[in-house]
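Data block below; observations after.
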Amino acid sequence: MLSNTQVAQKLLEIRTLMEMAGESFYKYMAYEKAAASVENAPPLADLVAADEHLKLPGVGKSIGSVIEQLVRTGSADQLDALHERFPPSLLEVLGVSGIGTKTAATLFAEYGIASLADLETAIAAGALAGVPRLGNKTIENWRRGILAYKGRQRRTPLPAALAIAREAMTYVREGPPLERLEFAGSLRRAEVTVGDIDLVCTSHHAADVVAHFAAWPRAEAVLAEGPTKASIWLPGGLQIDLRVLPDHLYGNLLQHFTGSREHNIKLREQAVRANLRVSENGILNLETGEVVTCADEAGVYATLGMQLIPPELRSGLDEIELARSGLIPPLVETADIRGDFHMHTTWSDGDDTLEAMIAAAAARGYEYHAISDHSQGRARRYGMTPALLREQRGLADEFDTRYGIRTLCASEVDILPDGSLDFEDSVLAQLEVVIASVHIATRQSREEMTARLIRACENRYVTIIGHPTGRRFDHSSGYEFDYDAVFAAAARTGTALEIDGQAARLDLPAPLARKAKSFGVTFALDSDAHRTGDLAAVEFAVGQARRAGLVKSDVLNARPLDEVLAFIARKREAA
DNA sequence: GCCGTTTTCGGCCCGACTGTTTTCAGTCG
């Protein structure tokens, strides 16, 4: 069964090969739009089963049937036919920066270059010398592009990209004077992984700022450098783009470079109907010739007759229609978070002591938090026993007085393969917060895993299901289960679902959280910190929550302590 | 190929940078 991301990739492959085949621009662009739509949609398997995939924006009859084939069989007639003409290895050639579909099509048709290896051989043999419109500089750029392609990592996880962006911004600030500097693009939209880093800047000294940026010692190569914009590569192939414009255009600039591409296309299509041309240089009224420039993004959206759309919602799905109708809700913010239910100490697998974690949580200004060291699972060499839990509780009470915070007595308890928990109910009853998580036996069938998670929800002592899908960017795509059934069980039993902000997890993913919200589920936004420095990861959980459209009232740890305790008590009493 | 607050037909976002082209196509985001 192909995932949404995999289907989106196949649609993009069709798009690329259609362009090479000489299909019309709007025809293949339709596939690109559909791919973006699919990426942000709920699980396609469910949509196709309910025949609801045709409701996705940009998906009509033709692409709808392609999606259906992809989901059911893993391929599609259309893709197979294109592969008859163009070998899949051509996509490698297209992966080289500077080579687009036109060039790749020519290289293939005229010189038989069908793969990266073919291209390298042709360059090394000088087979491309003397070709019209192919100078030494172009060949040299390709050679560099091939090296970058080979060394390139996959898309960079959001937390890692954010750290790099902040380093680059620190460096840029050390240069010529500037007014404002911000990261934009997929990073600002809180996408789970980012393909490159976009920085926007306002300054009276644009060319100097750009030159300073391009001279960053950490840059391995400068891809492009003009008077207002430069692109650099870091070792490993991550690209950073910087654009500099005058300060009165800050709103237009930030809006333009925050994207997404599909969001901007839709926004501009709407604007065109009102005779407005939108770009980073302002909003041009084609009738009057007047140009509106905006100091902030709210001005851009207001000029286009809609609410400000938060960056995390700019996916190109239906946010523009909602904003025109005034239906974008105020999303949950990091400042709303009053506590963090999920963190570990040296008592299990954390790196920092109980006191250090409590002090750090208090320093973040939390009203309450929970220390949730692991239960001592059957296969676990570390972790808490009932005796250790009692001992930890006593110490925590002392530290609470010292640091002015309320530490809830908690544990992250393994959900065993049959859905029972790793602690007896009598132990669970002593805990104020129970996070139940799947760590073992992750290869169960969809049916077994569904039953297992539902049974965990039905345990009266379970407050939160931790990192519900088990996906990890480093090695695991997570386990399969019937999302609807588990979300319904969570809502019915008053069990919160976690959005785990740990760098490698970000789980629940935003499209699933959006779906869970439709069932009436309550969410816990947690850091899953294993050291004090990771408590800030709750911000990544908030980012995913915002992408899912969650508001303050959807979030358990945005509530005051008495309401949190009442939420927990309701479930225990109801059972 | 998709879509509709003028449209079920006739439209479809916008601009920066590169290379070698004497006027712009290709690529990228």
Side-chain angles (χ1 to χ4, degrees), chain A residues 11 14-16 18-20 23-37 54-67 78 94-107 131-142 144-145 184-186 194-200 206-207 210 214 222-233 239-245 249 252-253 255-284 286 304-306 316 320-321 324-325:
Chain A
L11 290 174
I14 293 173
R15 171 238 182 272
T16 300
M18 280 174 79
E19 184 181 356
M20 292 190 61
E23 292 277 11
S24 89
F25 176 81
Y26 295 109
K27 209 166 166 179
Y28 63 72
M29 276 303 288
Y31 281 81
E32 185 174 319
K33 290 184 183 184
S37 202
L54 295 172
K55 289 182 187 164
L56 291 174
V59 176
K61 226 176 144 185
S62 298
I63 296 182
S65 79
V66 172
I67 289 174
Q78 182 142 13
L94 283 160
V96 176
S97 178
I99 298 184
T101 47
K102 296 278 197 324
T103 306
T106 305
L107 290 174
V131 175
R133 303 186 65 91
L134 254 192
N136 288 333
K137 272 195 170 177
T138 302
I139 299 288
E140 193 46 47
N141 284 341
W142 288 0
R144 198 174 60 187
S186 48
V194 307
D196 62 9
I197 292 172
D198 295 294
L199 302 180
V200 298
V210 169
V222 178
L223 273 171
E225 184 183 351
T228 70
K229 169 183 174 178
S231 300
I232 61 171
W233 262 338
Q239 184 178 331
I240 308 183
D241 300 332
L242 174 72
R243 183 75 192 278
V244 189
L245 286 178
L249 287 168
N252 307 89
L253 174 68
Q255 194 287 321
H256 172 82
F257 280 97
T258 296
S260 65
R261 182 178 156 80
E262 298 307 322
H263 173 82
N264 281 354
I265 289 176
K266 281 196 169 184
L267 197 72
R268 290 162 186 189
E269 280 175 354
Q270 296 255 351
V272 164
R273 294 189 200 113
N275 263 329
L276 299 172
R277 177 184 291 170
V278 180
S279 79
E280 67 270 40
N281 298 315
I283 301 173
L284 170 65
L286 290 167
L304 299 175
M306 64 187 82
I320 290 172
E321 290 78 3
R324 285 169 65 95
S325 308

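Below, chains carry the letters A, B, ... as their sequence lines are ordered, and counting in each starts from 1.
Residues G195(A) and S186(A) come closest through the heavy atom pair N-OG, 4.3 Å. The minimum heavy-atom distance linking L94(A) with A104(A) is given by the pair CD2-CB, 3.7 Å. Minimum interatomic distance between G316(A) and S260(A) (heavy atoms only, all atoms of both residues): N-OG, 4.3 Å.
Side-chain nitrogen and oxygen atoms of S24(A) include none within less than 4.0 Å of the OP1 or OP2 phosphate oxygen of dC12(B). For T138(A), a side-chain nitrogen or oxygen approaches OP1 or OP2 of dT20(B) to under 4.0 Å. The shortest distance between the side-chain N/O atoms of N281(A) and the OP1/OP2 oxygens of dA16(B) is below 4.0 Å. Q239(A) has no side-chain polar atom (N or O) that falls below the 4.0 Å cut-off from OP1 or OP2 of dC28(B).
Distance check on atom P: dG15(B) versus dC9(B) gives 32 Å, rounded to whole Å. The gap from the C1' atom of dG11(B) to that of dT6(B) amounts to 13 Å, rounded to the nearest Å. On the C1' atoms, dC12(B) is 30 Å away from dG19(B), given to the nearest whole Å. Nucleotides dT21(B) and dT27(B) have their C1' atoms positioned 16 Å apart, rounded to a whole Å. Nucleotides dC13(B) and dC2(B) place their P atoms 16 Å apart, quoted to the nearest Å. Taking atom P on both nucleotides, dA16(B) is separated from dT8(B) by 36 Å, rounded to a whole Å.
The side chain of T103(A) lies closest to dT27(B), out of dT27(B), dG19(B), dC13(B). For I63(A), the side-chain atoms get nearest to dG1(B) when compared with the rest of dG15(B), dG29(B), dG1(B). The side chain of A30(A) sits closest to dC2(B) out of dC2(B), dC13(B), dG26(B). Closest approach to the R133(A) side chain among dA25(B), dC14(B), dC12(B) is made by dA25(B) (side chain taken as heavy atoms from C-beta onward). Comparing atom distances between the I265(A) side chain and each of dG15(B), dT18(B), dC13(B) picks out dC13(B) as nearest. When each of dG1(B), dG29(B), dT27(B) is scored by its nearest atom to the side-chain atoms of D196(A), the top-ranked nucleotide is dG29(B). When the nucleotides dC2(B), dC13(B), dT27(B) are ranked by their closest atom to the side chain of S62(A), dC2(B) comes out on top. Taking every side-chain heavy atom of D241(A) into account, dG29(B) is the closest of dC12(B), dG29(B), dG19(B). Taking only side-chain atoms of T101(A), from C-beta outward, the nucleotide of dA16(B), dT27(B), dC14(B) with the closest atom is dT27(B). Comparing atom distances between the S97(A) side chain and each of dT18(B), dC12(B), dC28(B) picks out dC28(B) as nearest.
Checked by atom type and distance alone, the side chain of T101(A) never pairs as donor or acceptor with a backbone atom of M20(A) at under 3.5 Å. Listed for the D198(A) side chain is no donor-acceptor partner under 3.5 Å among the backbone atoms of T258(A).
Using a 4.0 Å heavy-atom distance criterion, F257(A) is classed as making no nucleic acid contact. Within the nucleic acid shown, R324(A) has no heavy atom closer than 4.0 Å to any nucleic acid atom. Using a 4.0 Å heavy-atom distance criterion, L134(A) is classed as a sugar-phosphate-only contact. K266(A) comes within 4.0 angstrom of no nucleic acid atom, judged by non-hydrogen atoms across all strands.
DNA chain B is contacted by both G226(A) and K102(A); G226(A) maps to the nucleotide lying nearer its 5′ end (nearest heavy atom per residue). Of the two residues near DNA chain B, M18(A) and G100(A), the one whose nearest nucleotide lies more 5' is M18(A).
Rounded to whole Å, the distance from CH2 on W233(A) to P on dC28(B) is 10 Å. Going from atom CZ of F25(A) over to atom P of dT27(B) covers 13 Å, rounded to whole Å. In this structure, CD1 of I232(A) is placed 16 Å from C1' of dC17(B), rounded to the nearest angstrom. Atom P of nucleotide dG15(B) and atom CG of L253(A) are separated by 14 Å, given to the nearest angstrom. Straight-line distance from the OH atom of Y26(A) to the C1' atom of dG1(B): 12 Å, rounded to whole Å. For the pair L276(A) CG and dT5(B) P, the interatomic distance rounds to 16 Å; values are reported in whole Å. Note: CD1 (I99(A)) to P (dG26(B)) measures 14 Å, nearest angstrom. Note: CG (L223(A)) to C1' (dT18(B)) measures 11 Å, nearest angstrom.
Using a cutoff of 4.0 Å between basic side-chain nitrogens and carboxylate oxygens, R15(A) and E19(A) are scored as salt-bridged.
Defined by atom type and a distance below 3.5 Å, a donor-acceptor pair is present between the side-chain atoms of Y31(A) and Q78(A).
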Problem set entry | CA sep, side-chain torsions, deciding dist, call: I265(A), K33(A), side-chain contact (heavy atoms from CB on, under 4.5 Å) | CA-CA 10 Å; I265(A) 289 176; K33(A) 290 184 183 184; 4.1 Å; yes
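Look at dC9(B): its Watson-Crick or wobble partner, with both distances under 3.5 angstrom, is dG4(B).
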